[in-house]
There are 2 protein chains.
Amino acid sequence: MGKEYILKTAASEKISRLAYFNIAISVDCVIFGYEGKDLKVLLIKSDFKEFENLNSLLGDLVKPQEDLEAASYRVLKERTGLDDVYLEQVQTFGNISRHPSGRVITIAYYSLIDIKSHKLKLNHNELQWHSVKGIKKLAFDHKLILDICLNRLRQQVMESPVVCHLLPEKFSLRELQELYEAILGVELDRRNFRKKISLKEWLIDINEIETDVPHRPGKLFSLKQNFKRKIPIPTYKN
Amino acid sequence: MGKEYILKTAASEKISRLAYFNIAISVDCVIFGYEGKDLKVLLIKSDFKEFENLNSLLGDLVKPQEDLEAASYRVLKERTGLDDVYLEQVQTFGNISRHPSGRVITIAYYSLIDIKSHKLKLNHNELQWHSVKGIKKLAFDHKLILDICLNRLRQQVMESPVVCHLLPEKFSLRELQELYEAILGVELDRRNFRKKISLKEWLIDINEIETDVPHRPGKLFSLKQNFKRKIPIPTYKN
DNA sequence: TCAAAAGTGTTGACTTTACACCCATGA
DNA sequence: TCATGGGTGTAAAGTCAACACTTTTGA
């Protein structure tokens with residue numbers, strides 16, 4: 001059609017986009033932990049009057065010069081003091097009415113941390129671990145975000161050893177099995193579970209055994225180095 | 001710690017967030033099609049001087065009052081004239097340097113459309129179908145986005161019948177198998193493929209047969225109604 | 001009658017599940 | 001010596017992969 005196509009330049013685009021500059025971007029982190037055979041999530045009491053007495057996920061606005069992952073890491077670091085954490089992007093939520101103070105699009109990440117070995121600075125009692133099972137209602141659309149992240153975690157459990165990040169560095173196969181059972185909400189057969197795990201070759205036998213258990217101690221394992229942290233995303237070359 | 005927590009209200013938040021209002025949001029659609037036993041993607045010649053002579057995905061900025069899915073549908077509608085399209089969010093890309101004109105975070109969707117039965121209004125020759133196989137380089141980080149969407153599509157192929165949206169309403173099992181082969185890049189055994197598909201119970205036998213084929217015509221099938229469009233996401237109640 | 005694809009079952013290999021006993025340790 | 005979980009193998013069921021011939025249609 002007769003329309004002329006004039007090439008834009010970065011500079012001209014910058015100007016024409018001003019009309020769109022009233023959307024805010026945040027990240028929300030579904031921080032999973034595991035303790036007492038129970039999958040937990042770290043929540044904070046909402047500081048929004050609209051959601052008084054409800055908990056919410058941990059999140060923050062993304063800074064103009066900050067990558068999305070960096071923002072998530074910052075939230076984790078600020079809230080838990082941890083920086084060696086498994087983190088994965090799950091989904092972006094952007095309904096126009098999801099936030100009472102205006103248009104806020106949020107990119108949801110889940111992360112997996114070991115509650116016990118990193119005693120995190122729960123710097124005030126409004127920040128606490130909650131059993132995932134017991135959570136009925138959260139501020140904003142955070143219950144939906146939690147549910148979707150939990151689904152993602154469940155999908156990943158059998159395909160990748162990421163869930164080991166919920167356990168201490170060294171763990172027994174029993175602990176790992178209990179973790180799987182907590183995430184999936186099913187009971188697993190011990191022999192079959194061990195067989196399956198050993199076939200995957202995710203773990204190394206570190207030649208140590210449990211201590212302080214009131215029964216025969218089990219062998220301890222560690223996640224192989226190459227499975228730690230995120231599977232690298234394909235790098236981008238142009 | 002001694003810090004006082006004052007409840008925010010929507011109104012006070014709105015003001016304090018002004019500092020963040022210089023990030024733009026876009027959606028990019030990886031529009032897959034299928035023709036001549038080849039998986040294709042709809043690309044447009046980039047109108048950015050920085051990417052002269054490169055193609056890019058179809059996308060647009062999200063309007064302040066527009067849901068993310070709505071923005072993707074709008075892009076599809078504007079570019080293809082279609083509005084009954086399968087659409088799925090894949091991932092969000094937000095590296096600070098991914099766009100030459102400033103901070104643009106993009107939410108990538110893939111969509112599946114049937115090239116033949118909806119002759120789309122390719123309103124100028126800068127908008128064209130390209131074989132996915134032959135694409136080496138695209139504008140921005142669009143090659144990365146394409147690769148990740150293609151991976152997602154490949155994952156979905158065996159778990160869900162969404163790929164049928166790439167075929168006409170009525171199709172033969174041969175056509176479906178060829179589509180699977182094109183997406184996965186492998187050859188499949190005809191008997192095993194048919195067995196597997198019939199076990200899934202995704203299709204209904206509509207009691208029609210192919211016409212205009214120079215050989216014995218095959219039976220035609222249709223995707224069962226409940227598998228059309230997106231699997232509904234869990235609704236959110238608070 | 002030829003060319004082309006439709007339609008259809010069986011076998012062996014492999015994977016998954018169900019299941020039970022003896023062992024090592026701490027209390 | 002008891003209670004607790006550690007550690008291990010096998011058989012049956014189910015799933016997956018490989019493979020070939022007859023049928024139907026149009027040209």
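Just so we're on the same page: letters track the sequence lines, and every chain starts at 1.
- Looking at heavy-atom distances under 4.0 Å, A:Lys219 makes contact with sugar-phosphate atoms alone, never a base.
- Taking atom NZ on A:Lys195 and atom P on C:dT17, their separation rounds to 10 Å, with Å as the unit.
- Atom CG of B:Leu176 is separated from atom C1' of C:dA5 by 16 Å (rounded to the nearest Å).
- Here CD1 of B:Ile209 is found 10.5 Å from NZ of B:Lys219. Values are rounded to the nearest 0.5 Å.
- A:Leu199 has its CG atom 14 Å from the C1' atom of D:dT8, to the nearest Å.
- Listed by residue number, A:Asp189, A:Arg191, A:Asn192 are the residues of residues 177-194 of chain A with a heavy-atom contact under 4.0 Å to DNA chain C.
- One N or O on the side chain of B:Arg152 and one on the backbone of B:Val90 form a donor-acceptor pair closer than 3.5 Å.
- Rounding to the nearest 0.5 angstrom, the gap separating the NZ atom in B:Lys143 from the NZ atom in B:Lys137 is 12.0 Å.
- Taking atom CD of A:Glu208 as the reference point, atom C1' of D:dG6 lies 17 Å away to the nearest angstrom.
- Side-chain N/O atoms of A:Glu159 and A:Gln155 include no donor and acceptor closer than 3.5 Å.
- Under the 3.5 Å distance criterion, with hydrogens and angles disregarded, no donor-acceptor pair is assigned to the side chains of A:Ser56 and A:Ser46.
- Listed for the A:Gln156 side chain is no donor-acceptor partner under 3.5 Å among the backbone atoms of A:Val162.
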Could you write out each protein N or O paired with an N or O of nucleotides 25-27 of chain D at a distance under 3.5 Å?
unit_1: D:dT25; atom_1: O2; unit_2: B:Arg216; atom_2: N; d: 3.4

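- Atom C1' of nucleotide C:dA5 and atom CG of B:Leu173 are separated by 12 Å, given to the nearest angstrom.
- Taking atom CE of A:Met158 as the reference point, atom P of C:dT15 lies 15 Å away to the nearest angstrom.
- Between B:Lys196 and the phosphate of D:dA17, there is a side-chain N or O to OP1/OP2 separation shorter than 4.0 Å.
- Whole-Å rounding puts the B:Ile197 CD1 to D:dC16 P distance at 13 Å.
- The only option from A:Phe221, A:Tyr86, A:Phe171 that meets the side-chain contact (heavy atoms from CB on, under 4.5 Å) definition with A:Cys164 turns out to be A:Phe171.
- In this structure A:Glu210 satisfies the side-chain hydrogen bond (donor to acceptor under 3.5 Å, both in side chains) test together with A:Arg174, sequence neighbours excluded.
- Using a distance-only test at 3.5 Å, with no hydrogens or angles considered, no donor-acceptor pair links the side chain of B:Ser172 to the main chain of B:Leu220.
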